[in-house]
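The structure under discussion appears below in the form of structure tokens.
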Amino acid sequence: MQTISGQCSCGKIAYHYPAPALQIVACHCGLCRRMTGAALSSYVVVKEAELAFTQGQELLKSYTVTSRTQRHFCTDCGTPLYNSNHETYAGLSMLYLGTVNQHESLAPRMDIYCENKLSWLETSDSCRHFEQMPRKS
Ligand SMILES: [Zn+2]
Ligand SMILES: [Zn+2]
């Protein structure tokens with residue numbers, strides 16, 4: 001069974017997740033673009049209750065992006081580690097894929113908010129494309 005681990009760029013914060021990812025998404029929405037500074041944002045979705053910080057948790061700070069969205073980052077190096085949204089995605093942590101050690105084997109399974117995708121950005125045809133967030137089944 002695949003487990004997940006990761007760290008920020010300075011290495012002071014590290015986390016471990018004991019189970020496979022619930023979902024892996026590439027988000028093209030404008031909010032994620034601004035708050036990550038990247039053309040698209042890739043997230044590994046895990047259960048918040050099972051995500052354990054193995055070091056540096058005291059360096060973690062939360063920034064309230066919107067009334068629902070919080071971004072959690074390292075106060076030393078500024079790396080964003082995960083997002084949370086306690087209304088829409090209660091109980092979930094959206095780990096930034098770039099901080100995950102196993103990023104090579106965790107390809108996004110779907111692209112969301114494709115209507116906001118930058119026109120010059122090419123996405124894999126193997127991804128499932130959604131104009132917005134698909135409803136939970
Ligand atoms: Zn750091
Ligand atoms: Zn987004």
Side-chain angles (χ1 to χ4, degrees):
M1 186 174 76
Q2 184 175 38
T3 62
I4 294 167
S5 60
Q7 62 175 58
C8 62
S9 61
C10 78
K12 290 179 183 145
I13 298 178
Y15 58 79
H16 178 76
Y17 185 73
L22 299 175
Q23 186 55 273
I24 310 165
V25 302
C27 186
H28 299 276
C29 84
L31 181 67
C32 286
R33 186 150 55 233
R34 288 283 177 196
M35 73 180 179
T36 61
L40 83 165
S41 309
S42 306
Y43 299 106
V44 176
V45 183
V46 300
K47 285 183 195 160
E48 183 179 35
E50 293 178 41
L51 178 65
F53 283 85
T54 51
Q55 64 180 55
Q57 190 165 15
E58 69 282 1
L59 294 171
L60 206 56
K61 190 180 173 188
S62 301
Y63 175 75
T64 301
V65 181
T66 70
S67 61
R68 294 181 299 183
T69 308
Q70 287 206 309
R71 188 169 59 98
H72 308 266
F73 62 97
C74 174
T75 49
D76 237 29
C77 67
T79 302
L81 290 147
Y82 69 102
N83 284 349
S84 57
N85 181 325
H86 289 290
E87 281 184 38
T88 316
Y89 309 114
L92 300 177
S93 294
M94 277 65 80
L95 293 169
Y96 287 93
L97 190 144
T99 68
V100 173
N101 296 331
Q102 297 77 15
H103 39 39
E104 189 62 51
S105 61
L106 294 172
R109 297 170 193 155
M110 61 171 75
D111 283 83
I112 59 172
Y113 291 98
C114 293
E115 80 274 25
N116 298 122
K117 186 174 81 67
L118 297 178
S119 60
W120 49 261
L121 188 69
E122 291 188 22
T123 53
S124 162
D125 286 340
S126 65
C127 281
R128 293 159 54 198
H129 289 253
F130 295 90
E131 290 305 309
Q132 294 188 343
M133 192 58 152
R135 294 204 176 275
K136 283 179 206 163
S137 53

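For clarity, every value in this text was computed on a predicted model and none was experimentally measured. Atoms within a ligand are numbered from 1 in the order they appear, just like the ligands themselves. Throughout, residue positions are numbered sequentially from 1 according to the sequence presented.
His28 lies apart from the Zn ion (ligand 2) in this respect, since none of its N, O or S atoms is found at a distance under 2.8 Å.
Draw a line from the Zn ion (ligand 1) to SG of Cys10 and another to SG of Cys74, and the angle between them is 120° (to 10°). Angle SG(Cys27) to the Zn ion (ligand 2) to SG(Cys29), rounded to 10°: 110°.
A donor-acceptor contact shorter than 3.5 Å is absent between the side chain of Asp111 and the backbone of Cys114. Remark: the backbone N or O of Leu95 is not paired with any side-chain donor or acceptor of Ser93 at under 3.5 angstrom.
A ring-centre distance under 6.0 Å is found for Tyr43 and Tyr96.
More than 12 heavy atoms of other residues, nucleotides or ligands shown are found within 6.0 angstrom of CZ on Phe53.
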